[in-house]
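Here you go, one structure.
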Amino acid sequence: MQPSKHRTSRRSFLRKGLVVGGAGTLGAGLLAGGLPAFVEASGGLTKGDVAILRFLSTAEILETDFWQQYNELGGIQDSEVPGGSGSAAYTAALQVLDEDMPQYIHDNTEDEFTHFTFINAYLVAKGADPVNLDKFRTLPSSKATGAQQIGRLTNLMQLTVDTSYWTKYRSRTQNPDFGDTFPPAVPGLLKGQFPAIPRDDNDLAPANHIQAIANTAGFHFAFIEQGGTSLYPSLAQRVTHPEVLRILLSIGPTETAHFQTWLDKAGNAPALTDPTNGLVFPDLNSPPFGGEDFQTNLIMPEPTIFLSRKFPPVSIIRPTETEGAAMGAAKALTADGLFVGQSKEFFAVLHELAEQADAARRG
Ligand SMILES: [Fe+2]
Ligand SMILES: [Fe+2]
């Protein structure tokens with residue numbers, strides 16, 4: 001990771017990222033003075049491409065932060081993904097969804113680490129500033145045995161998980177890009193704040209409580225990765241340089257690979273009620289659930305409307321609207337509860353990075 005820049009003010013932190021090729025070829029004033037977006041600065045990237053890459057790096061750093069927390073307690077701790085020593089009870093509850101859950105958690109975590117590390121290295125190679133969020137690593141770790149005690153960017157202990165992705169990908173007649181909304185598969189997860197990792201060792205029992213925590217994680221994994229699945233194609237529509245497009249088109253589908261896996265595993269989460277807080281995981285294969293909207297073995301996207309209702313239904317990623325896509329992602333992660341406890345400055349930085357990405361135009 002990059003060394004932290006505690007003494008850098010927020011304004012300069014943000015502004016530096018917008019100045020491509022700081023070697024003096026183009027100053028900030030000149031860039032701001034109305035050069036068309038497609039003008040190549042040194043390194044060959046437009047400021048829009050830099051802004052999109054910087055937002056994606058931000059999203060990947062945030063993903064890495066919480067995937068590491070999952071891996072410390074429920075994944076495989078090894079040289080590829082170091083940190084933590086595992087929680088046996090939490091890991092066992094995750095393995096109810098699939099015995100290979102620790103491997104999948106490990107691999108997803110490693111992928112996220114490589115995503116932001118690559119994007120930051122690419123930005124540096126092009127003379128642009130990488131993203132560094134180290135100053136915001138202020139949130140507490142889980143106190144459960146197995147977790148590292150370090151500052152975190154994200155909070156997995158007060159999540160409000162939106163599981164409407166479940167029905168969104170099964171609808172044959174609706175699409176979020178047409179303004180449609182979708183019912184959640186687990187309504188209870190939208191009605192409170194729930195831990196997706198044990199907060200401490202008191203959360204390891206009773207059995208239906210730690211299983212509810214593992215179930216929450218299982219549905220959260222798919223929530224996160226369906227977001228990445230949409231974010232990359234949404235932003236790819238506004239990049240300029242073919243190589244930046246290649247980066248987005250090459251990373252984005254790995255998010256989809258994750259999503260497909262997690263959608264399958266979430267379907268194995270056992271129906272139960274958490275005795276400590278009343279959170280219900282319904283049987284998705286029985287009334288009032290069941291059928292094409294909820295049946296758990298329907299893990300591939302159903303075809304639906306795309307671009308215009310005059311076209312035939314098509315199996316697609318959804319949404320992929322590009323306008324406002326970065327801010328949409330920032331808002332979805334915030335509504336998910338991942339940043340509960342973060343500072344005003346954190347949100348200001350996140351929103352400015354999103355605004356800059358959404359201001360990018362294809363040259
Ligand atoms: Fe990623
Ligand atoms: Fe991801």
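Remember, it's 1-based here, ligands and their atoms both numbered in the order they're listed. Note that these values count all heavy atoms, side chains included, but never hydrogens, waters or copies made by symmetry. The residues of the chain are indexed from 1 along the displayed sequence.
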Worksheet item: Is L204 linked to L94 within one hydrophobic cluster, defined over Ile, Leu, Val, Met, Phe, Trp and Tyr using a side-chain heavy-atom separation of less than 4.5 Å?
Response: yes
Worksheet entry | Counterpart residues, salt bridge (charged side-chain N to carboxylate O under 4.0 Å, His left out), relative to D336 (two or more places apart) | none
Practice prompt. Just say parallel, tilted or perpendicular for the rings of H220 and F223, cut-offs at 30° and 60°.
Written response: parallel
Worksheet entry | Set of salt bridge (charged side-chain N to carboxylate O under 4.0 Å, His left out) partners for D98, sequence neighbours left out | K265
Discussion item. Suppose we screen for salt bridge (charged side-chain N to carboxylate O under 4.0 Å, His left out). Which residues come up paired with R170, at least two apart in sequence or across chains?
Written reply: none
Discussion item. Less than 6.0 angstrom separating the ring centers of F221 and Y104, yes or no?
Written reply: no
Practice prompt. Pull up every protein N/O/S atom sitting under 2.8 Å from the Fe ion (ligand 2), skipping waters.
Written response: E63 OE2, E112 OE2, E225 OE1, E225 OE2, E255 OE1
